[in-house]
Participant: 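I'd like to ask you about the structure that follows.
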Amino acid sequence: MTQTRKAVALISGGLDSMLATKVILEQGIHVEGINFYTGFCVEGHTHAIRKKDKQKPKRNNALWTAEQLGIKLHIIDIVEEYKDVLLHPKHGYGANLNPCLDCKIFMVDKAKQWAEEHGFDFIITGEVIGQRPMSQRKETMPVIAEESGANDRLLRPLCALNLPETLPEREGWVDRSKLHGFSGRSRKPQIALANQYGFEDFAQPAGGCCFLTDPNYAKKLGDMWQHQGNKNYELDDIMLLKVGRHVRPNDRFKLIVGREEGENNFLSGYRKQFTYLKVKDVAGPLVLLDGNPNEEDIELAARITGRFSQGKKADSLNVSVTKPGQDEFIINTKPMGPSEIPEEWYV
Ligand code: SF4
């Protein structure tokens, strides 16, 4: 009796890993997925917070993909281990703070370890040569295979025909003639294959799979590191960088201003850890204050809080300020005018 071979697929929640997995499932291989949670993932989280995105389905795309494919998905939290990848990338960063090549090597390595522990034969990814400038180039494909230690147990079904044969092909577990030779940045071959399989409503994240490729996010992360004097971070820190308008009037403090109801609700979960401000009597944002402000800074923070409220044109407003573990106090102040907030304060 022929043995059913098993593959583990890296599932990002995007179309490519979905197609790569389907191609292998079609060959009778048993496939299970792994999704690595770094804390910087785009999908699900932000859409779940922001009310304005409420028409978008609030789903975890990796889970949704697995459901569409009918495979088991293992979500693995790598938040702690990922810090070393982000802070010390051997191959450097892409256009922003994205250590894509080191990230891929790390994830394939983790998947390889998982495969060994669970009796799986090979690893598949949705990589396509030339699709992404940093990690998906012809020269980087062997680097990922070698440095992860996966070597020829790493199969990329969407571009396999442009690469040397891998173990699953040589051993006949997978029929190479049924794999693909996609390359380049065009998404047309993937869309055509998705249509062929009848996939609809798949996720096509514009900026890649994580916030580290987003220039605005990278700027906020860089600002946080600069002001705290080191590159440490906790999950809460990187979550808060995804939310609200960030305003830094000076080196002593920064404000995180909720932009809508969903963000205000999310930020209110941090009221015990941060000083927070809110206008009284009229609608306005919840504002978290991060840093070590002096008395003048608190007054300035109250004026900025007023600026983003419904009372922004009033001559004066009552703004409540609550420090962690203390009772609120009220500052009566004039909201700042829009032109009084310099552009460089916006992180
Ligand atoms: S975009 Fe983010 S998750 Fe994707 S490879 Fe780059 S660093 Fe890793």
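Quick note: residue numbers are just sequence positions, from 1.
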Participant: Is atom CD of Glu296 surrounded by more than 12 heavy atoms (other residues, nucleotides or ligands) closer than 6.0 Å?
Facilitator: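 No - once you tally the heavy atoms of other residues, nucleotides and ligands closer than 6.0 Å, there are 12 at most.
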Participant: Atom CG of Asp290 and atom CD of Gln228: how far apart are they, to the nearest 0.5 Å?
Facilitator: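 With rounding to 0.5 Å, CG (Asp290) is 9.0 Å from CD (Gln228).
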Participant: CH2 of Trp225 to CG of Leu97: how many Å apart, nearest 0.5 Å?
Facilitator: 5.5 Å
Participant: Please check this pair: side chain of Tyr276 against backbone of Pro324, looking for a donor-acceptor N/O pair closer than 3.5 Å.
Facilitator: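 No, because the side chain of Tyr276 does not come within donor-acceptor range (under 3.5 Å) of the backbone of Pro324.
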Participant: Can you tell if the side chain of Leu179 reaches within under 4.5 Å of the side chain of Leu155, non-hydrogen atoms only?
Facilitator: yes
Participant: With rounding to the nearest 0.5 Å, note down the distance linking CG in Leu101 to CD in Gln136.
Facilitator: 10.5 Å
Participant: We want to know whether Glu169 and Thr166 form a side-chain donor-acceptor pair, criterion being a heavy-atom distance below 3.5 angstrom.
Facilitator: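 Glu169 vs Thr166: donor-acceptor pair found between side chains.
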Participant: Hydrophobic clusters here meaning ILVMFWY residues chained together by side-chain heavy-atom distances under 4.5 Å, can you tell me if Leu19 and Ile129 are in one?
Facilitator: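 They do not share one cluster, since no chain of ILVMFWY contacts under 4.5 Å joins Leu19 to Ile129.
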Participant: Are there more than 12 heavy atoms of other residues, nucleotides or ligands under 6.0 Å from atom CG of Asp315?
Facilitator: no
Participant: Is any NZ, NE, NH1 or NH2 atom of the basic residue among Lys220 and Asp223 found under 4.0 Å from an Asp or Glu carboxylate oxygen of the other?
Facilitator: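 Salt bridge between Lys220 and Asp223, a charged N being under 4.0 Å from a carboxylate O: no.
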Participant: Has Gln326 got more than 12 heavy atoms of other residues, nucleotides or ligands less than 6.0 Å from its CD?
Facilitator: yes
Participant: Check whether any side-chain N or O of Glu260 sits under 3.5 Å from a backbone N or O of Gly262 as a donor-acceptor pair, and report yes or no.
Facilitator: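 Present.
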Participant: Report the distance from atom CG of Asn151 to atom CZ of Phe122, rounding to the nearest 0.5 Å.
Facilitator: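 Separation between the atoms: 15.5 Å.
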Participant: Can you name the closest pair of heavy atoms from Gly39 and Val79 and give their distance?
Facilitator: N-CG2, 4.1 Å
Participant: Donor-acceptor pair, Asp121 side chain versus Ala7 backbone, under 3.5 Å?
Facilitator: no
Participant: Using 30° and 60° as the class limits, which term best fits the ring planes of Trp114 and His74: parallel, tilted or perpendicular?
Facilitator: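 Trp114 and His74: tilted rings.
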Participant: Could you tell me whether the side chain of Lys278 and the main chain of Thr322 form a donor-acceptor pair under 3.5 Å?
Facilitator: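 Flag not set: sc Lys278 to bb Thr322 has no pair under 3.5 Å.
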Participant: Would Leu288 and Val347 show up in the same hydrophobic cluster when neighbours are defined by side-chain heavy atoms closer than 4.5 Å?
Facilitator: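 No, Leu288 and Val347 fall in different hydrophobic clusters.
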Participant: Answer yes or no: is there a side-chain heavy-atom contact under 4.5 Å between Leu158 and Glu127?
Facilitator: no
Participant: Glu26 and Lys178: side chain to side chain contact (heavy atoms under 4.5 Å, CB included), yes or no, with the steps?
Facilitator: CA-CA 9 Å; Glu26 291 281 288; Lys178 293 187 178 142; over 6 Å; no
Participant: For a 4.5 angstrom cut-off between non-hydrogen side-chain atoms, does Asp251 reach His227?
Facilitator: yes
Participant: So, does Asp237 use its side chain to make a donor-acceptor pair with the main chain of Glu234 at under 3.5 Å?
Facilitator: yes
Participant: Where do His246 and Gly244 come nearest, in terms of heavy atoms and distance?
Facilitator: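 Heavy atoms only, the tightest pair is CD2-O, 3.4 Å.
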Participant: If only atom types and distance count, is the side chain of Arg153 paired as donor or acceptor with the main-chain N or O of Ala150 below 3.5 Å?
Facilitator: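 Flag not set: sc Arg153 to bb Ala150 has no pair under 3.5 Å.
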Participant: What closest approach, in Å, do Ile298 and Leu289 show between heavy atoms, and which atom pair accounts for it?
Facilitator: CD1-CD1, 4.4 Å
Participant: Under 6.0 Å from the ring centre and within 45 degrees of the ring axis: does the NZ or CZ of Lys242 meet both conditions for the six-membered ring of Tyr217?
Facilitator: no
Participant: Using atom types as modelled and distance alone, determine if a side-chain donor or acceptor of Asp297 lies under 3.5 Å from a backbone N or O of Asn294.
Facilitator: yes
Participant: Would Val321 and Ile330 show up in the same hydrophobic cluster when neighbours are defined by side-chain heavy atoms closer than 4.5 Å?
Facilitator: no
Participant: What do you reckon, is CD of Glu139 surrounded by more than 12 foreign heavy atoms closer than 6.0 Å?
Facilitator: yes
Participant: Donor-acceptor pair, distance only, cut-off 3.5 Å: does the side chain of Gln131 make one with the backbone of Gly184?
Facilitator: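 Answer holds: yes.
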Participant: Nearest 0.5 Å, please: how far is CG in Leu267 from CE in Met239?
Facilitator: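 With rounding to 0.5 Å, CE (Met239) is 13.0 Å from CG (Leu267).
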Participant: Let me check something: do Leu286 and Leu240 share a hydrophobic cluster, defined by ILVMFWY side-chain heavy atoms less than 4.5 Å apart, either directly or through other members?
Facilitator: yes
Participant: Quick one: closest heavy-atom pair of Leu212 and Asn96, and the distance?
Facilitator: O-CB, 3.4 Å
Participant: Pair Leu277, Ile304 - check side chain to side chain contact (heavy atoms under 4.5 Å, CB included), show working.
Facilitator: CA-CA 10 Å; Leu277 300 95; Ile304 295 171; over 6 Å; no
Participant: Restricting to non-hydrogen atoms, name the atom on Gly28 and the atom on Thr4 that form the minimum distance, rounded to 0.1 Å.
Facilitator: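 Of all heavy-atom pairs spanning Gly28 and Thr4, the closest is O-CG2, 3.9 Å.
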Participant: Short question: side chain of Asn61, backbone of Ser12 - any donor-acceptor pair under 3.5 Å?
Facilitator: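 Between the backbone of Ser12 and the side chain of Asn61 there is no qualifying donor-acceptor contact (under 3.5 Å).
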Participant: Run through Glu165, Arg5, Gln27 and flag the one making a side chain to side chain contact (heavy atoms under 4.5 Å, CB included) with Val174.
Facilitator: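 By the side chain to side chain contact (heavy atoms under 4.5 Å, CB included) criterion, Val174 pairs with just one of Glu165, Arg5, Gln27: Gln27.
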Participant: Step through the shown structure and confirm whether more than 12 heavy atoms of other residues, nucleotides or ligands are within 6.0 Å of CD on Glu116.
Facilitator: yes
Participant: Could you walk me through whether Glu340 and Arg303 satisfy the side chain to side chain contact (heavy atoms under 4.5 Å, CB included) test, starting with their C-alpha distance in whole Å, then the side-chain angles of each, then the deciding distance to 0.1 Å, before giving a yes or no?
Facilitator: CA-CA 10 Å; Glu340 288 181 273; Arg303 294 192 62 210; 3.4 Å; yes
Participant: Taking atom CG as the centre, does Asn332 end up with more than 12 heavy-atom neighbours from other residues, nucleotides or ligands that are less than 6.0 angstrom away?
Facilitator: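 Check passes, neighbour count above 12.
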Participant: Side-chain heavy atoms under 4.5 angstrom apart, residues restricted to Ile, Leu, Val, Met, Phe, Trp, Tyr: same cluster for Val319 and Phe308?
Facilitator: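 Yes, same cluster.
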Participant: So do Cys41 and Phe36 actually touch side chain to side chain, heavy atoms under 4.5 Å?
Facilitator: no
Participant: If only atom types and distance count, is the side chain of Lys83 paired as donor or acceptor with the main-chain N or O of Tyr233 below 3.5 Å?
Facilitator: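 The answer is yes, because a donor-acceptor pair under 3.5 Å joins these two groups.
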Participant: Measure the shortest side-chain to side-chain distance between Ile144 and Arg156 over non-hydrogen atoms and say whether it is less than 4.5 angstrom.
Facilitator: yes
Participant: Within the 3.5 Å criterion, strictly below it, is a donor on His91 or Glu147 matched to an acceptor on the partner's side chain?
Facilitator: yes
Participant: Taking the ring centre of each residue, are Phe199 and Tyr197 less than 6.0 Å apart?
Facilitator: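 Yes, close enough.
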Participant: What is the distance from atom CD1 of Ile238 to atom CZ of Phe211, rounded to the nearest 0.5 Å?
Facilitator: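 Between atom CD1 of Ile238 and atom CZ of Phe211 there are 10.5 Å.
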Participant: Going through the distances and angles, do Thr125 and Met141 end up as a side chain to side chain contact (heavy atoms under 4.5 Å, CB included)?
Facilitator: CA-CA 11 Å; Thr125 71; Met141 295 282 166; over 6 Å; no
Participant: Can you confirm whether Asn292 is buried at CG, in the sense that more than 12 heavy atoms of other residues, nucleotides or ligands lie under 6.0 Å from that atom?
Facilitator: no
Participant: Taking all atoms of both residues into account, what is the closest heavy-atom pair of Ile24 and Pro157, and its distance?
Facilitator: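 Looking at all heavy atoms of both residues, the closest pair is CG1-CG, 3.6 Å.
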